[in-house]
Amino acid sequence: MTTGNDKNKASKGSSLGPTVGKIIAIILLLAGVTALTLWLVYRPHKPRFSVVAAAIYSINASSPPFISTSMQFTLVTRNSNRRVDIIYDKLSAYVSYRNQQITAPVYLPPLYHERKSTVALSPVLGGAGQLVPVSAEVVNGLVMDESYGVVSFRVVLLGRLRWKAGAIKTARYGVYVKCDVWVGLKRGFTGEVPLLSAPPCKVDI
């Protein structure tokens, strides 16, 4: 037999469900509006990268199918955001030639890049005794290009970054930077080489 108290409890329970659902919907709506507002206010721009200097210390392709190289490229990165800092995690760099990697990855320390600032990176890539397997196309291409005096390299940066605005940090995003450079290089020369062309790097996030 159902009592009056049982009926009241059932009616309260049935009305509680829609109320909780409305509260959750309102919270989600407010969170979405807040996130959209923060994005419109801060709206981070991608960092810009460019190569401003290059030095070639050694290129040894006398032991095919391996190559040993030592190079240094100076990259300048600009954070143009007015309100957002950038935190880089697990950055690594390497050099490729004709779409083949010719140096082992070099891992760079974490970088905190403040808003409206410029930072220079000058990693030494490769080194004596670091052998990287390559195809005959790479070996023959380097010999030919050095005889012409112009060599094209691609400097690659890989890692993850976070945007930081005040106390708020975003999730980590993958960052992939490709810098194509043409340098003046004659066979046997070592040291700083002229940059014949170094357009702004392509940045994918």
Side-chain angles (χ1 to χ4, degrees), residues 39 42-59 67 69-127 130 132 134 137-138 141-142 145-146 148-165 169-185 189-205:
W39 176 259
Y42 293 103
R43 194 160 40 186
H45 301 290
K46 292 192 296 186
R48 298 195 299 268
F49 286 80
S50 60
V51 176
V52 297
I56 309 297
Y57 302 123
S58 68
I59 297 180
I67 188 172
T69 63
S70 179
M71 310 178 182
Q72 186 174 23
F73 291 90
T74 300
L75 297 93
V76 171
T77 176
R78 174 71 180 171
N79 178 9
S80 60
N81 293 289
R82 291 182 295 173
R83 302 183 180 91
V84 180
D85 299 331
I86 304 174
I87 303 172
Y88 292 94
D89 300 316
K90 299 180 180 179
L91 273 179
S92 64
Y94 66 86
V95 177
S96 68
Y97 171 81
R98 297 197 177 185
N99 295 319
Q100 293 187 50
Q101 188 172 327
I102 61 171
T103 69
V106 172
Y107 294 93
L108 308 179
L111 172 63
Y112 188 93
H113 195 174
E114 296 182 351
R115 67 201 74 176
K116 300 293 287 184
S117 66
T118 301
V119 174
L121 306 171
S122 297
V124 176
L125 307 172
Q130 293 188 11
V132 178
V134 295
E137 177 190 358
V138 167
L142 277 172
D145 288 350
E146 283 181 306
Y148 291 147
V150 179
V151 184
S152 172
F153 295 110
R154 171 173 287 175
V155 185
V156 178
L157 286 177
L158 293 171
R160 301 181 68 80
L161 64 75
R162 289 174 289 168
W163 313 101
K164 181 178 181 296
K169 296 179 183 178
T170 68
R172 289 179 171 86
Y173 296 90
V175 57
Y176 179 32
V177 182
K178 296 181 293 186
C179 307
D180 292 320
V181 297
W182 284 260
V183 302
L185 178 63
F189 178 83
T190 60
E192 188 169 350
V193 294
L195 285 177
L196 304 179
S197 178
C201 305
K202 183 178 180 182
V203 180
D204 293 321
I205 296 176

K.L.:
Any heavy-atom pair between the side chains of T77 and Y88 that's under 4.5 Å?
P.N.:
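Counting from C-beta outward, Y88 and T77 do come under 4.5 Å.
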K.L.:
With the side chain counted from C-beta on, respond yes when I56 and V151 share a heavy-atom pair under 4.5 Å apart, and no when they do not.
P.N.:
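Answer no - side chains too far apart.
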K.L.:
Does I205 offer a backbone N or O that forms a donor-acceptor pair with the side chain of K46 under 3.5 Å?
P.N.:
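Such a contact is absent between K46 side chain and I205 backbone.
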K.L.:
Between T69 and G126 (side chain of the first, backbone of the second, donor and acceptor by atom type, cut-off under 3.5 Å), is there such a pair?
P.N.:
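Not confirmed, T69 side chain does not pair with G126 backbone.
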K.L.:
Taking the side chain as every heavy atom from C-beta outward, state whether S58 and T190 have any atom pair closer than 4.5 Å.
P.N.:
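No - every pair of side-chain heavy atoms lies 4.5 Å or more apart.
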K.L.:
How far does CD1 of I87 sit from CZ of R162, to the nearest 0.5 angstrom?
P.N.:
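Those atoms lie 4.5 Å apart.
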K.L.:
Answer yes or no: are there more than 12 heavy-atom neighbours, outside Y112 itself, under 6.0 Å from its atom OH?
P.N.:
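Atom OH in Y112 is packed in, count exceeds 12.
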K.L.:
Closest heavy-atom contact between L75 and C179?
P.N.:
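Heavy-atom minimum between the residues: CD2-SG, 3.7 Å.
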K.L.:
With side chains defined as the heavy atoms from C-beta onward, is the minimum distance between P200 and R48 less than 4.5 Å?
P.N.:
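The answer is no, as the side chains (C-beta and beyond) never meet within the 4.5 Å cut-off.
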K.L.:
Locate the shortest heavy-atom distance separating I67 from V134; write the atom from each residue and the value.
P.N.:
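Taking every non-hydrogen atom into account, CG2-CG1, 3.5 Å.
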K.L.:
Got H113 and L161 here, is their nearest side-chain heavy-atom distance under 4.5 Å?
P.N.:
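SC-SC contact between H113 and L161 ruled out.
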K.L.:
Please report the interatomic distance CZ(F49) to CG(L157), rounded to the nearest 0.5 Å.
P.N.:
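If we round to the nearest 0.5 Å, F49:CZ and L157:CG are 6.0 Å apart.
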K.L.:
Determine whether V132 and I102 make a side-chain contact, defined as any pair of heavy atoms from C-beta on separated by less than 4.5 Å.
P.N.:
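When only atoms from C-beta onward are counted, I102 and V132 do not touch, as no gap falls below 4.5 Å.
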K.L.:
Can you measure from OG (S92) to OH (Y107) and round to the nearest 0.5 angstrom?
P.N.:
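Reported value, rounded in 0.5 Å steps: 5.5 Å.
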K.L.:
Between P47 and N79, is there a side-chain heavy-atom distance shorter than 4.5 Å?
P.N.:
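Answer no - side chains too far apart.
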K.L.:
If you compare all heavy atoms of P199 against all heavy atoms of D180, which two are closest, and at what distance to 0.1 Å?
P.N.:
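Closest pair (atom of P199, atom of D180, distance): CD-O, 3.4 Å.
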K.L.:
For a quick test of reading the model, state the closest non-hydrogen atom pair linking R115 to R82 and the distance between them.
P.N.:
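Of all heavy-atom pairs spanning R115 and R82, the closest is CD-O, 3.2 Å.
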K.L.:
Tell me the salt bridge (charged side-chain N to carboxylate O under 4.0 Å, His left out) pairs involving residues 196-205, sequence neighbours left out?
P.N.:
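Passing the test, one end in residues 196-205: no pairs.
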K.L.:
Start with the C-alpha gap between V156 and V95, add the side-chain angles, then the distance that decides, and say whether side chain to side chain contact (heavy atoms under 4.5 Å, CB included) holds.
P.N.:
CA-CA 6 Å; V156 178; V95 177; over 6 Å; no
K.L.:
Do any side-chain atoms of residues 169-178 form donor-acceptor pairs under 3.5 angstrom with protein atoms, and if so which ones, sequence neighbours left out?
P.N.:
| unit_1 | atom_1 | unit_2 | atom_2 | d |
| --- | --- | --- | --- | --- |
| T170 | OG1 | W163 | N | 3.0 |
| R172 | NE | D89 | OD2 | 3.0 |

K.L.:
I'd like to know if the side chain of Y97 reaches the main chain of L142, judged simply by a donor and an acceptor atom lying under 3.5 Å from each other, with no hydrogens or angles considered.
P.N.:
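It does hold such a pair.
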K.L.:
Might you point out which heavy atoms bring A198 and V181 nearest each other, and give the distance in Å?
P.N.:
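Nearest pair, atom of A198 first, then V181: CB-CG1, 4.0 Å.
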K.L.:
When rounded to the nearest 0.5 angstrom, what distance separates CD1 in I59 from CZ in F153?
P.N.:
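These two atoms lie 4.5 Å from each other.
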K.L.:
About how many Å separate CG of N81 and NE2 of H45, when rounded to the nearest 0.5 Å?
P.N.:
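Spacing of NE2 (H45) from CG (N81) equals 5.5 Å.
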K.L.:
For the atom pair CD1 (I86) and OG (S80), what is the distance rounded to the nearest 0.5 Å?
P.N.:
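These two atoms lie 8.0 Å from each other.
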K.L.:
Is a donor on one side and an acceptor on the other found under 3.5 Å between the side chain of Q72 and the backbone of S122?
P.N.:
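Yes.
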K.L.:
Which pair of non-hydrogen atoms, one from E114 and one from S117, has the smallest distance, and what is that distance?
P.N.:
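E114 and S117 have their closest heavy atoms at O-OG, 2.5 Å.
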K.L.:
Compare all side-chain heavy atoms of R98 with those of D145 and state whether any distance is below 4.5 angstrom.
P.N.:
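Yes. Closest side-chain heavy atoms under 4.5 Å.
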